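Heads up, the thing below is written out as structure tokens.
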Amino acid sequence: MKRIKFIAGNWKLWGTLSQAKDLAKALAPALSKAPYRYLVAPPYTALAAVKEVLQGTKVLLGAQDCSALESGARTGEVSVLMLKELGVDAIILGHSERRQFHGETDQLVNEKIKLALKHGFEVIYCNGETLAEREAGQAAAVVVRQTKEALKDISEADLSKVTIAYEPVWAIGTGKTATPRDANEIHAVIRKTIADIYSKQAADAMIIQYGGSVKPDNVRELMAMPDIDGALVGGASLKSETFLPICLFDQ
Ligand code: PGA
């Protein structure tokens, strides 16, 4: 089965409204004839403005998180209903920074994924092991556990709206990338987990992005691996000079 590559930029806590608009303006025309699927996830405050810039282009709009509740007394949180109204296409969930700095558990991530799918969003679900877990030989076991927990009670039909991003925590923002071979090994483990929980067909169709210090000079060899179907890019997605060569890695 031919899987279409999917490259996403996660802008995290960077960029003011005007910087976000400028970046989107630089990306949108350059990606209009590009061959793959693309997404940018600006901070919440820039979603509406970036949506306007992306209108009519093929670049999808992503949010970096959402509340596990549709509404309620949750100061500072943002609901799927609010994101929907802004025209957000997809929500990144379970990012390791949410787990590390905001105490998110696999169970909470599962609740958020179910809520996002219920409201018709695509989801980019992130998992990955810490350095200690990798050094203890636990990398594969950790991502299998995370994947099973995150996808609990999600139907195979809904799964088609989920992309998985494998992001080894030790490779995020550190300049250290997993070797293409090491990354591919875990991607294959994730794909097998999908086959075990769902079906071979679901596993074959699953888009599994790699994330963690993806740069213009390492993207090509990562994308050449059979189980790597795209990238979730942090630091290098903040400038068109580095994000475009990643998006257009084989052009
Ligand atoms: P990085 O971040 O590319 O800066 O390592 C990746 C991510 O956290 O999604």
Side-chain angles (χ1 to χ4, degrees), residues 3 6 8 10 12 41 64-66 68 90-117 123-154 156 158-159 161-200 202-214 218 222-223 225-235:
R3 293 184 291 268
F6 184 17
N10 174 10
K12 305 190 181 182
Q64 300 173 17
D65 185 35
C66 67
I91 308 179
I92 299 173
L93 293 170
H95 192 282
S96 65
E97 286 151 15
R98 298 295 314 169
R99 298 172 192 259
Q100 192 181 344
F101 302 118
H102 301 270
E104 293 201 5
T105 59
D106 291 328
Q107 196 200 342
L108 182 72
V109 173
N110 171 252
E111 281 172 34
K112 290 185 176 189
I113 294 176
K114 285 192 288 198
L115 184 65
L117 292 172
V123 166
I124 297 181
Y125 156 63
C126 308
N127 61 23
E129 81 286 359
T130 61
L131 185 58
E133 288 164 339
R134 172 153 288 258
E135 286 174 345
Q138 295 291 310
V142 167
V143 296
V144 169
R145 190 204 69 224
Q146 290 175 329
T147 305
K148 286 186 175 163
E149 288 280 326
L151 298 179
K152 215 166 171 178
D153 302 325
I154 289 167
E156 187 160 336
D158 277 346
L159 189 72
K161 303 202 81 177
V162 177
T163 292
I164 298 178
Y166 168 60
E167 301 204 304
V169 178
W170 49 271
I172 295 177
T174 57
K176 287 185 200 156
T177 332
T179 64
R181 191 189 289 246
D182 284 350
N184 194 69
E185 198 179 302
I186 301 293
H187 282 232
V189 167
I190 294 171
R191 202 176 300 287
K192 176 162 184 317
T193 307
I194 299 299
D196 292 345
I197 315 175
Y198 296 95
S199 65
K200 180 169 184 315
D204 284 347
M206 176 56 69
I207 300 298
I208 308 177
Q209 298 173 325
Y210 170 79
S213 299
V214 176
N218 61 22
L222 285 161
M223 294 308 117
M225 301 308 288
D227 283 299
I228 300 184
D229 309 312
L232 180 55
V233 186

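Because only heavy atoms are used, hydrogens play no part in the values below, and waters and symmetry mates are left out as well, while side chains stay in. All residue numbers refer to positions in the sequence shown, counting from 1. Please read all numbers here as calculations on a predicted model, not as lab measurements.
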How far apart are the C-alpha atoms of T177 and L222, what are their side-chain angles, what is the distance that settles it, and do they pass the side-chain contact (heavy atoms from CB on, under 4.5 Å) test? CA-CA 10 Å; T177 332; L222 285 161; 4.1 Å; yes
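- Formation of a donor-acceptor pair under 3.5 Å by the Q64 side chain with backbone atoms of A41 is found in this model.
- From H102, atom NE2 reaches atom CG of D65 across 8.0 Å, with rounding to the nearest 0.5 Å.
- At distances below 3.5 Å, not a single donor-acceptor pair connects side-chain atoms of N10 with backbone N or O atoms of G234.
- More than 12 heavy atoms of other shown residues, nucleotides or ligands fall within 6.0 angstrom of atom NZ in K114.
- For the pair N184 (side chain) and D227 (backbone), a donor-acceptor distance under 3.5 Å is present.
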So D182 and I186, side-chain contact (heavy atoms from CB on, under 4.5 Å) or not? Walk me through it. CA-CA 7 Å; D182 284 350; I186 301 293; over 6 Å; no
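- Here the side chains of E104 and L93 are not in contact, with every heavy-atom distance at 4.5 Å or above.
- Shown here are the salt bridge (charged side-chain N to carboxylate O under 4.0 Å, His left out) partners of K148, two or more places apart in sequence or in another chain: there are none.
- When atom types are taken as modelled, the side chain of R191 and the backbone of A203 share a donor-acceptor pair closer than 3.5 angstrom.
- The distance from the CD1 atom of I207 to the CD1 atom of I228 is 12.5 Å, given to the nearest 0.5 Å.
- In terms of the ring pair (Phe, Tyr, Trp, His ring centres under 6.0 Å) criterion, residue partners of Y166 (sequence neighbours excluded) are, by chain and number, H187.
- Atom-to-atom distance recorded for I208:CD1 and M225:CE is 13.0 Å, nearest 0.5 angstrom.
- The backbone N or O of G128 sits nowhere less than 3.5 Å from a side-chain atom of E167 that would complete a donor-acceptor pair.
- N110 contributes no side-chain N or O that, together with a main-chain N or O of D153, makes up a donor-acceptor pair within less than 3.5 Å.
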Run the side-chain contact (heavy atoms from CB on, under 4.5 Å) check on I190 and N127 step by step: do they pass? CA-CA 10 Å; I190 294 171; N127 61 23; 3.9 Å; yes
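- For E156, the CD atom is densely surrounded, since the number of other residues' heavy atoms within 6.0 Å is greater than 12.
- A donor-acceptor contact shorter than 3.5 Å is absent between the side chain of K176 and the backbone of S213.
- With rounding to the nearest 0.5 Å, the separation of CG in D204 from CD1 in I194 is 11.5 Å.
- In this structure the side chain of D106 reaches within 4.5 angstrom of the side chain of R99, judged on heavy atoms.
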